[in-house]
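Heads up, the thing below is written out as structure tokens.
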Amino acid sequence: MGHVNLPASKRVGGPRQWRLLDVVTAAFFGLVFLFFVLVFTSLGDSLAASGRQTLNLSASDPLRRPRVSAAIEAGQPHVIEACPADTADHMPCEDPRLNSQLSREMNYYRERHCPPLENTPLCLVPPPRGYKVSVQWPESLHKIWHSNMPYNKIADRKGHQGWMKIEGPYFIFPGGGTMFPDGAEQYIEKLGQYIPMNGGVLRTALDMGCGVASFGGYLLAQNILTMSFAPRDSHKSQIQFALERGVPAFVAMLGTRRLPFPAFGFDLVHCSRCLIPFTAYNASYFIEVDRLLRPGGYLVISGPPVQWPKQDKEWSDLQAVARALCYELIAVDGNTVIWKKPARDMCLPNQNEFGLGMCDDSDDPNLAWYFKLKKCVTRVSSIKGEYTVGTISKWPERLTAPPVRSTILKNGADVYEADTKRWVRRVAFYKNSLKIKLGTPAIRNVMDMNAFFGGFAAALKSDPVWVMNVVPSHKPPTLDAIFDRGLIGVYHDWCEPFSTYPRTYDLIHVTNIESLIKDPASAKNRCNLVDLMVELDRILRPEGTVVVRDTPEVIERVARVAHAVRWKPTIYNKEPESHGRENILVATKTLWKL
């Protein structure tokens with residue numbers, strides 16, 4: 001106690017010494033606490049994932065990436081690493097973290113915007129924790145595993161409208177929607193009072209702003225094949241839910257560009273509270289719908305602004321645009337309006353408040369890959385032939401009837417017929433000799449990456465599948481003939497990621513895979529095989545199948561890359577009836593987890 005009365009000059013050293021010791025002690029215990037946080041909490045996992053992402057990005061420089069790709073294709077042992085856990089639902093071209101900085105005008109920021117390849121990591125997107133092999137069709141139409149996409153937002157907000165709800169380990173889909181909370185079946189039955197929903201008159205449909213795609217799912221019972229689309233928006237995963245259910249769907253936004261579909265491909269276009277401002281920007285969106293709708297086809301809009309409170313002007317403008325294009329009003333039933341598109345160019349030019357006029361003869365209405373919206377109306381006469389609703393063959397006859405638009409190629413009708421017969425033989429070989437599970441509940445969502453006339457899809461007509469027929473944007477534009485057959489698909493450039501969520505296809509099929517990455521004029525590579533197959537791995541479901549047909553040399557390279565992306569490949573000889581130098585690779589994606 002005596003030191004308490006020491007002079008001030010003698011007391012100074014004591015407190016300073018204790019303060020230094022306190023600092024050292026606090027730092028020590030702080031480091032111990034930080035160690036436990038990093039090792040035993042999710043924050044540590046998050047920081048580690050962030051670090052891995054930074055490492056991946058820094059490693060993806062313009063020099064390293066080609067070297068790694070070349071080494072893999074040359075056969076050097078290399079397994080591509082996994083992306084961080086928080087990339088389980090990554091869509092490179094629809095990344096809200098990047099695109100949110102872009103212009104809001106005409107929803108430009110919600111369209112496709114692909115980052116430069118050198119700014120993206122070369123890694124494999126992992127499944128989420130608890131992922132299970134998907135529920136099989138047709139049970140999947142009504143329920144899917146909650147753990148495969150554990151996002152409750154839609155169920156919480158839309159459950160009372162019959163969209164979906166959580167029930168035990170599943171999401172359950174009662175079949176409802178905002179404008180049909182009592183179920184899509186009753187809604188479709190109501191539309192059938194005004195539209196020929198049965199009998200094969202209508203086959204291809206487009207559902208805009210589709211939600212979880214119950215409308216398209218229940219139209220399948222009428223043999224109507226629907227392409228459902230919606231952007232990656234505040235609902236986040238609506239298209240992911242649709243595809244997990246086994247319903248055809250695609251991520252897209254009607255913004256500044258044409259949608260990636262051919263002119264006059266859809267017999268029916270449907271909007272149920274899609275909230276598309278059809279009359280804005282001089283009716284640009286209505287004009288795009290008109291480009292997509294087959295002459296004689298039907299346009300259905302349910303919800304705003306149709307007889308909607310406080311939207312009298314918007315409803316009046318919508319009717320004015322339809323009149324200007326000479327659409328026939330079939331019915332207004334509550335908040336649902338149904339129009340029929342004229343079968344001929346019988347209307348414009350006329351006096352209308354929107355300044356609508358016909359496109360000139362130089363316009364190619366099938367140009368739709370990164371093609372800006374036009375403010376002119378597509379001429380029905382711009383495409384020759386009889387392909388209007390009511391004159392085109394009914395389903396299923398139209399599947400095999402030579403499409404008028406197949407004549408885009410020299411000897412198109414003969415090429416089409418030979419292609420159809422060829423794929424009947426090939427698919428039989430796939431099933432009988434290669435034991436691919438086509439025709440079983442194990443395969444529902446199928447993609448043909450290089451579809452040509454859709455012969456592969458047509459040969460699967462009796463199987464419980466739907467096929468996304470992709471026509472590469474740098475190849476002859478045969479997608480219109482595919483739609484004329486009653487099938488669906490999109491234009492795409494395979495040097496870019498596809499507009500879908502991870503783990504959405506059970507089987508991916510491609511003929512001549514090397515042609516997808518080569519420039520047809522120079523024969524030089526526009527991109528590389530490794531990047532393409534990493535993208536295929538992203539969109540393929542675990543335990544899904546890839547079938548590749550190409551020359552033996554290319555197939556050997558594909559097999560090397562298959563090992564690098566953790567697939568199990570087997571190489572087969574082609575079917576005996578086929579000509580040319582060709583082998584077939586069949587690979588299975590393994591179910592691996594972080």
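For Arg245 and Ser214, the side-chain atoms include at least one donor-acceptor pair closer than 3.5 Å.
Taking 4.5 Å as the limit, every side-chain heavy atom of Arg232 sits out of range of all side-chain heavy atoms of Asn99. Met208 places a side-chain heavy atom less than 4.5 Å from the side chain of Val289.
One distance of note links CE of Met447 with CE of Met468; it measures 6.0 Å at 0.5 Å rounding. Taking CD1 of Ile330 as the reference point, atom OG1 of Thr336 lies at 14.0 Å (rounded to 0.5 Å). From His113, atom NE2 reaches atom CG of Asp95 across 11.5 Å, with rounding to the nearest 0.5 Å. Here Phe278 contributes atom CZ and Asp317 contributes atom CG; the two are 13.5 Å apart, rounded to the nearest 0.5 Å.
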Quiz item: Yes or no on side-chain hydrogen bond (donor to acceptor under 3.5 Å, both in side chains) for Asp345 and Ser381, after CA distance, side-chain angles and deciding distance?
Solution: CA-CA 7 Å; Asp345 294 324; Ser381 58; 2.9 Å; yes
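A salt bridge does not link Glu397 with Lys394: none of the charged nitrogens is closer than 4.0 Å to a carboxylate oxygen. For the pair Arg291 and Asp363, the salt-bridge criterion is not met [side-chain N within less than 4.0 Å of a carboxylate O].
A disulfide is assigned to Cys114 and Cys93, since their SG atoms are nearer than 2.5 Å.
Partners of Asp537 by salt bridge (Lys or Arg N to Asp or Glu O under 4.0 Å), not counting sequence neighbours, listed by chain and number: Lys589. Gln222 pairs by the side chain to side chain donor-acceptor pair (under 3.5 Å) definition with nothing, not counting sequence neighbours. By the side chain to side chain contact (heavy atoms under 4.5 Å, CB included) test, Ala320 is found to be paired with Arg323, Glu353, Phe354, residues two or more places apart in sequence or in another chain being considered.
Note: Trp494 and His492 have perpendicular aromatic rings, judged against thresholds of 30 and 60 degrees for the angle between ring planes. A parallel orientation is assigned to the rings of Tyr187 and Phe180, their planes being inclined by less than 30° (bins at 30° and 60°).
Within a 6.0 Å sphere centred on NZ of Lys461, heavy atoms belonging to other residues, nucleotides or ligands number 12 at most.
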